[in-house]
Amino acid sequence: MQESYDPAAVERAAQQYWDERRAFEAREDSTRPKYYCLSMLPYPSGRLHMGHVRNYTIGDVLTRYLRMHGYNVLQPMGWDAFGLPAENAAISNGVPPARWTRENIAHMRAQLKSLGFAIDWRRELATCDPQFYRWNQWLFLRMREKGLAYRKSGVVNWDPVDQTVLANEQVIDGRGWRTGAPVQKREIPMYYLAITRYAEELLRSLDTMQDWPERVRVMQANWIGRSEGCDIAFRYAPDAVEAVGSAGALRVFTTRADTLYGATFMAVAAEHTVALAAARHNAALAAFIEECRRGSVTEAEVATQEKKGMPTGLHVLHPFTGAPLEIWVANYVLMAYGEGAVMGVPAHDERDFEFALRNGLPVVTVVRSASGAYDEARAPWTAAYAEYGVTVNSGEFSGLTSQDAMNAIAAALERKGLGGKRVQYRLRDWGISRQRYWGCPIPIIHCGSCGEVPVPDEQLPVVLPEDLVPDGSGNPLAKSPAFYECRCPKCQGSARRETDTMDTFVDSSWYFMRYACPDAPAMVDARVGYWLPVDQYIGGIEHAILHLLYARFWTKVMRDFGMIGFGEPFTRLLTQGMVLNDIYSYQGEAGRKRYFNPADVDTRRGPDGVEVQEVVTPELGTVRVTHEGLGKMSKSSGNGVDPEGLVESFGADTARLFIMFASPPEQTLEWSDEGVQGASRFIRRLWNAVYEHVAAGAAPALEPLTLSASQRELRRAAHQALAKATDDIGRRRSFNTAIAAVMELLNSIGRCSDASPQGRAVRQEALSIAIRVLAPITPHVCHALWQALGFTSALVDERWPTPDAAALAQQRHAIVVQVNGKLRAHISVPVDADEAAVRAAALADAHVQKFVAGKAVRRVVVVPGKLVNVVV
RNA sequence: GCGAAAGUGGCGGAACUGGCAGACGCGCUGGACUUAGGAUCCAGUGGGGAAACCCGUGAGAGUUCGAGUCUCUCCUUUCGCACCA
């Protein structure tokens, strides 16, 4: 054994050992329980970032921990290789996205390998590989056959200068990121997947997913947004019939049908047919609709903008009173939700109330609180009354509770053929069309005479050409006749291939199945039945809704197609927090802000005693920088820490240990160079402890019954640390406290200088426990230390130790004594003492007596094994 | 705007089921060793107080023998909002 710890040599040797034995190749084996441990696949951006390191370290710790518990563990890796950044890189340096992506994958694969993850690399896949994405196309066509995939129009961000569709991310303050031109909303035809058909099941099965974090389940449930309500058709008044060109009705959905008599106006989205019809002869309204078209399509933007509206001059008729209600166009009504129209009930809806106040619309109270706490005559109006209550001013429906009124009104509407009860979801169908190059082609051919024609299965995959270079204006596929010119499969006439590609969420909705059978000639095969569902899935909280919901949907579709036998893809979910670091910036004279990496920032105390942060730059000399606080590590904030440099200077084990110790996995992690030093120091202390122990020669066999009190104490500390770490990793996924337990154990080992044969035997056991517990976290150094302790087995195949009940047993334990809830004494009682004895011992304590003397003891609360509270 | 989460020493965090607030680590202070220390080891380290003790988990109220933990109101920060992945 080397006297001092050399991480590079230790890690090289351990990795070589695992590689030579193909230690991480997972094979189907029906004799062992399987465990599929999966981390979300990375986007190949070029270099690993700390978020990746954190994600894959958590996965690797669990993989190795479960392997030590006898599971047949699969941990695969792949690349989410399609997407926008590759196109952006192509625009800035002219390299085709395919080449850029594959070079990035090669570099990042090497980086992952240097971290020593127990990955079965034989199963590696990249979503840009035709042998992968052909199955996106194949399943899309199956979904289309069932009506689960269909075409309709949707709204996108349009850059009028570049003549291109922009992603939400590419819209900055309502302007195109490259051109600076104000973005417009534009409607184009797109393909959708009917996820709403699964809304009910996606919602309902959340209740059974107890191993998902509560908050993720709540977020998904809210996203699906089931609401029970009522459809109401407001028939067009003659003016609206004339404008629209036919008789008909304005349909709305409401969860508050009980407030129907309080409707004083109607509001429709700017894209609504009634709005467009009214605008034909109304220049001001047309201008307002045009104004609503500005800005991006994101819900956040729509919801935070100033609520504006304009009357159309057209009317509908109240279904019961026949009273005319004017139709307004309002920018807060979303075309995508419900019918794109709402009934305005200012008295009982906050938003309608605000809108009515602004536009001088009447407010009519139709619900009062049952207790009378709400005064209908109250004036001036200050707020809407949005609670349930009892109806008033509602014709034949007056005097009912809100619930009864909703039932009665829905029934009456149904009798008149003007609506009825309905369940509405907030969830919308999933638009998968992207007007972009670097993605999976949608396998459709548009024929002048046959219309939309699916690409026949035998012509799949529709291969994406890899030599195009996007230039930022439009989709290069749409400018490439070699791609889009084709024959119609039906009539053999000349036709045009669809040039839109699929959302990359399609790839990530099923990639985890392909790992089970990467070479299958079908989309999936029987091996999926062995490995799936994923037992533990790990990834960023930012994926809590979209990716996870889409993957759940896709899985249910494949189940219903009879391809797989499970309906939920991920049994247990861990959502890891982000990695943060300090952000330092310098405001130059030109006004452009520059960011500096925290590693380059020097802190010194100025003459006035105040700390200042400075950076030395070649161009500007020494400049003073501002600490902007903590933020997610990112290129734009210049605060990333490169994992490669970290591995070079400290080793993979230090990086892994720090990341697992610095905070619980679900919380954000604040980067700390001192913390990294601390992790490195701990590993060296462990190394030194083993070195000193081993240098004294082999330890004799442990004889537990002959131990001295101090030897028993160390042995107890070792088994206690083991019991805690086992529970912390296995049940709680609380890696930081498991590591703390081992640190405490190493402190105990260090305090014990017992050189007797049994003293050394106890130390041998304690060290061997520490090393096995740390093995999943710092596998390389533990591999070396295990051998140094004299074990001939490979640590990677070793079983996790079991705490010895005899070692943990105690004769007495400590009880705390409170008087009136304040801590006053510690006492020690035999473990088998009964409640009366504990109570007596507590009251007998001199310090307790000091606070009890002269007062009447009203009550004594005894919590066995823990505490006594004397109430006086 | 809507949805979700988080606020505990100088810092990261611990306290798992309502029961000793601050485990473990960082930093800091003192000491040892050393030509030297950004190495290593030892001791100390929530605030106030000479002490007895008192105070202390974002703010305010409540429930309880007992609240960091439960309930309500508020404040701040972070994440998501459907075309970033």
Side-chain angles (χ1 to χ4, degrees), chain A residues 40-43 45 80 82-85 88 154 156-157 165-171 190 213-216 218-219 221-223 225 296-305 307 332 336 351 426-436 503-505 508 540-547 549-550 577-578 580 629-632 658 661-664 666-679 681-682 684-685 688 727-728 731-732 734 736-737 739-744 747 750 814-818 820-823 826 850 858-861 863 866-872:
Chain A
M40 290 180 187
L41 83 179
Y43 179 80
S45 55
D80 188 17
F82 277 137
L84 207 49
N88 295 338
V156 294
N157 301 305
V165 175
L166 297 177
N168 287 336
E169 187 193 49
Q170 297 172 311
V171 179
M190 299 198 288
E214 168 81 11
R215 64 167 160 159
V216 174
V218 171
M219 279 195 271
N222 289 334
W223 185 262
S296 96
V297 300
T298 68
E299 191 184 323
E301 170 148 328
V302 172
T304 51
Q305 70 196 353
K307 286 174 191 54
Y332 68 88
R351 243 175 3 178
R426 203 187 76 97
L427 182 67
R428 309 199 293 256
D429 277 346
W430 173 16
I432 59 159
S433 291
R434 298 292 180 268
Q435 297 68 43
R436 275 192 266 286
D503 182 2
T504 57
F505 276 129
S508 55
I541 183 70
E542 66 274 19
H543 296 290
I545 295 174
L546 291 178
H547 159 57
L549 197 61
Y550 291 147
M578 295 182 310
L580 311 182
L630 285 166
K632 183 177 176 173
F658 168 70
F661 180 62
S663 48
E666 312 232 56
Q667 285 181 31
T668 57
L669 184 152
E670 297 182 18
W671 195 258
S672 155
D673 286 333
E674 292 79 14
V676 173
Q677 304 264 1
R681 185 178 308 143
F682 172 73
R684 284 200 306 272
R685 282 181 55 214
N688 294 340
D727 185 53
D728 282 352
R731 179 179 62 90
R732 300 174 62 207
S734 172
N736 53 329
T737 53
I739 293 167
V742 182
M743 288 176 166
E744 280 187 84
N747 290 341
I815 300 277
V816 298
V817 186
Q818 297 178 334
N820 285 347
K822 291 201 172 184
L823 178 66
H826 292 86
K850 194 170 128 192
R858 293 220 324 259
R859 189 173 164 188
V860 179
V861 181
V863 182
K866 268 187 180 162
L867 161 145
V868 177
N869 189 13
V870 182
V871 186
V872 297

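Please read all numbers here as calculations on a predicted model, not as lab measurements.
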So what does [X] touch, heavy atoms closer than 4.0 Å: a base, only the sugar-phosphate, or nothing?
X	value
Lys307(A)	nothing
Arg434(A)	base
Arg731(A)	base
Val870(A)	nothing
Glu666(A)	nothing
Lys822(A)	sugar-phosphate
Leu427(A)	base
Phe661(A)	base
Ala544(A)	nothing
Met40(A)	nothing
His547(A)	nothing
Arg858(A)	nothing
Phe505(A)	base
Val816(A)	base

### Query
For the atom pair CG (Asn88(A)) and CD (Glu169(A)), what is the distance rounded to the nearest 0.5 Å?
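Rounded to the nearest 0.5 Å, the CG-CD separation comes out at 7.5 Å.
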### Distance, nearest 0.5 Å, that separates CD1 of Ile545(A) from CG of Leu427(A)
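Those atoms lie 11.0 Å apart.
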### Message
By the rule that syn is within 90° of 0, classify the base conformation of rG9(B) as syn or anti.
### Response
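What rG9(B) shows is a syn base, its glycosidic angle lying within 90° of 0.
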### Query
So which one's nearest nucleotide on RNA chain B is more toward 5', Arg684(A) or Asn820(A)?
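Looking at the nearest nucleotide for each, Arg684(A) comes out on the 5' side.
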Which of these nucleotides, [options], is closest to any side-chain atom of [X]?
X	options	result
Asn736(A)	rA52(B), rA4(B), rA14(B)	rA14(B)
Val861(A)	rA15(B), rC65(B), rA23(B)	rC65(B)
Thr504(A)	rC20(B), rA85(B), rC83(B)	rA85(B)
Arg436(A)	rC83(B), rC16(B), rG1(B)	rC83(B)
Pro664(A)	rU78(B), rA14(B), rG12(B)	rA14(B)
Arg732(A)	rA4(B), rU40(B), rA15(B)	rA15(B)
Thr737(A)	rA15(B), rA85(B), rG1(B)	rA15(B)
His543(A)	rA82(B), rA85(B), rC24(B)	rA85(B)
Pro85(A)	rC20(B), rG1(B), rC84(B)	rC84(B)
Asp503(A)	rA39(B), rC16(B), rC83(B)	rC83(B)

Reckon [X] has a side-chain N or O less than 4.0 Å from the OP1 or OP2 of [N]?
X	N	value
Asn168(A)	rA82(B)	yes
Lys866(A)	rG18(B)	no
Arg685(A)	rC41(B)	yes

Going by purine N1 to pyrimidine N3 plus the second Watson-Crick contact, or the G-U wobble pair, all under 3.5 Å, which nucleotide sits opposite [N]?
N	result
rA21(B)	none
rC53(B)	rG48(B)
rA32(B)	rU40(B)
rU76(B)	rA6(B)

In this structure, how many angstroms lie between the [atom2] atom of [N] and the [atom1] atom of [X], rounded?
X	N	atom1	atom2	result
Glu542(A)	rU78(B)	CD	P	16 Å
Asn869(A)	rC20(B)	CG	P	11 Å
Asn747(A)	rA14(B)	CG	C1'	15 Å

Filtered N/O pairs between nucleotides 26-28 of chain B and protein, under 3.5 Å:
from: rC26(B); atom 1: OP1; to: Arg681(A); atom 2: NH1; distance (Å): 2.4

